[in-house]
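Contents: one structure, followed by commentary.
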Amino acid sequence: MKIKDYSLQINGKSLIENCDLCFHEGTINHIVGKNGVGKSQMAKDFLLNNSGKVPMSITDNVTLISSVSNVPQDITKEILLRLIKHHFSNASDIFNQIYTMFNIEEIPSKTLIKNLSDGQKQKLKLLSFLLEDKPIVILDEITNALDKKTINEIYKFLNTFIDSFPSKTIINITHNLSDLSNLPGKYFILKNKQLDEYKSKDRLINDYIHV
């Protein structure tokens, strides 16, 4: 996934200026950066193209999963699974893999989704959105505020998922530096209105801590 000479402004504030973006297929591209530098705004722009800089070949092929991405809360898991099986009838392979790896079977079937734990909600969210089967998947702080067990399950799933679907490009926006240690991939920092790629994970972490 490449975008040349990318710039992004929000409400008159320049967040990214004249930056060549290049994310790698078949791996997890981690993006870190301090609050307010524009990571989440950039992710939204890849989907919505408010900047006018994102080609349609990208916007048409992006799945964005963030804290504001939600499944219906006033239905049960049982009803949600029925709906997504009907809507994504051609994605049975991905459905079965996610269902098994996240132990979706163990999530109560008759409980309203709004009454489930945060970890259970996140698993159902990932299941629902990944069934779109788009080639570009953007994850925005998906391990934030989850318990350690759920985070480790997500790590295990993502490592297997990218191995199973090597044609996908996964972009992981995170403040959780353990993501970088548990999910091998490529490493980027957004700072000074530029997105810089690092060859060394340790150097990136050091620079991020001392920014």
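Numbers for residues simply follow the sequence, beginning at 1. Hydrogens, waters and symmetry mates play no part in the numbers below; they use all other heavy atoms, side chains included.
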- Task: Any chance you could lay out the side chain to side chain donor-acceptor pair (under 3.5 Å) test for Tyr155 and Thr143, step after step, and finish with the verdict?
- Result: CA-CA 9 Å; Tyr155 288 156; Thr143 60; 4.9 Å; no

- Do Lys2 and Asp20 sit within salt-bridge range, that is, some charged N less than 4.0 Å from a carboxylate O? no

- Task: Work out which heavy atom in Pro108 is nearest to a heavy atom in Gln120; give both atom names and the distance.
- Result: CD-NE2, 3.7 Å

- Message: Can a donor-acceptor pair be found, under 3.5 Å and without considering hydrogens, that links the side chain of Lys125 to the backbone of Ser66?
- Response: yes

- Item | Side chain Asn29, main chain Ile170, donor-acceptor under 3.5 Å | yes

- Item | Short side-chain donor-acceptor distance under 3.5 Å, Thr150 and Gln122 | no

- Query: Taking all atoms of both residues into account, what is the closest heavy-atom pair of Glu153 and Phe102, and its distance?
  - Reply: O-CE2, 3.7 Å

- Query: Can you check side-chain contact (heavy atoms from CB on, under 4.5 Å) on Glu106 and Lys123, steps first, answer last?
  - Reply: CA-CA 11 Å; Glu106 296 182 359; Lys123 291 176 183 180; over 6 Å; no

- Mind running side-chain contact (heavy atoms from CB on, under 4.5 Å) on Ile138 and Ile173 for me, showing each step along the way? CA-CA 8 Å; Ile138 303 175; Ile173 296 170; 4.2 Å; yes

- Message: Test your reading of the model: is there a side-chain donor-acceptor pair from Asn50 to the backbone of Leu8, 3.5 Å cut-off?
- Response: no

- Message: Tell me whether the rings of Phe46 and Phe23 are parallel (<30°), tilted (30 to 60°) or perpendicular (>60°).
- Response: perpendicular

- Query: Should the pair Lys34 and Tyr208 be classed as cation-pi, given the thresholds of under 6.0 Å to the six-membered ring centre and 45° from the axis?
  - Reply: yes

- Query: Between atom NZ of Lys168 and atom OG1 of Thr63, what is the distance when rounded to the nearest 0.5 Å?
  - Reply: 7.5 Å

- Query: Short question: side chain of Asp147, backbone of Ile151 - any donor-acceptor pair under 3.5 Å?
  - Reply: no

- Message: Do His24 and Glu197 have side chains that approach each other closer than 4.5 Å (heavy atoms only, starting at C-beta)?
- Response: yes

- Item | Leu124 versus Val71, closest heavy-atom pair with distance | O-CG1, 4.2 Å

- Separation between CD1 of Ile104 and CG of Asn96, rounded to the nearest 0.5 Å: 12.0 Å

- Side-chain donor-acceptor pair under 3.5 Å between Ser51 and Asp45, yes or no? yes

- If you round to the nearest 0.5 Å, how far is CD1 of Ile189 from NE2 of His30? 13.0 Å

- side-chain contact (heavy atoms from CB on, under 4.5 Å) between Lys121 and Ile113, intermediate numbers included: CA-CA 7 Å; Lys121 292 175 185 175; Ile113 290 174; 4.3 Å; yes

- Heavy-atom side-chain proximity of Ile94 to Ser164 below 4.5 angstrom: no

- Query: Do Tyr187 and Val32 have side chains that get closer than 4.5 Å, going by heavy atoms?
  - Reply: no

- So, the side chain of Lys77 versus the backbone of Ile107: is there a donor-acceptor pair under 3.5 Å, distance only? yes

- If Ile, Leu, Val, Met, Phe, Trp and Tyr residues are connected whenever their side-chain heavy atoms lie under 4.5 Å apart, and connections chain through other members, are Leu83 and Leu116 in the same group? yes

- Shortest non-hydrogen contact from Gly36 toward Leu15: O-CD2, 3.9 Å

- Message: I'd like to know whether Cys19 forms a side-chain contact (heavy atoms from CB on, under 4.5 Å) with Lys193, so could you lay out the CA-CA distance, the side-chain angles of the two residues, the decisive distance to 0.1 Å, and finally the verdict.
- Response: CA-CA 8 Å; Cys19 185; Lys193 303 180 183 180; over 6 Å; no

- Does Ile3 share a hydrophobic cluster with Met56, counting links as ILVMFWY side-chain heavy atoms below 4.5 Å and allowing steps through other members? no

- Ion pair present between Lys114 and Asp74, side-chain N to carboxylate O less than 4.0 angstrom? yes

- Note on the structure: Value for CG (Leu64) from CD1 (Ile136), rounded to nearest 0.5 Å, stands at 11.5 Å

- Roughly how far, to the nearest 0.5 Å, is the CG atom of Leu158 from the CD1 atom of Ile28? 5.0 Å

- Item | Single-linkage hydrophobic cluster, 4.5 Å side-chain cutoff, Leu177 and Phe188 together | no

- If you group Ile, Leu, Val, Met, Phe, Trp and Tyr by side-chain heavy-atom gaps below 4.5 Å, do Leu48 and Leu139 land in one group? no

- Which atom of Leu195 lies closest to which atom of Ile31, heavy atoms considered: CD1-CG2, 3.9 Å

- Task: Mind listing the closest non-hydrogen atom pair of Gly33 and His175 along with its distance?
- Result: O-NE2, 3.2 Å

- Message: Using 0.5 Å steps for rounding, measure from the CD1 atom of Ile162 to the CD atom of Glu25.
- Response: 8.5 Å

- According to a 4.5 Å side-chain heavy-atom criterion applied to Ile, Leu, Val, Met, Phe, Trp and Tyr, with indirect links allowed, do Ile171 and Leu180 form part of one hydrophobic cluster? no

- Message: Given 3.5 Å as the limit, does a donor-acceptor pair link the side chain of Asn192 with the main chain of Gln194, or not?
- Response: no

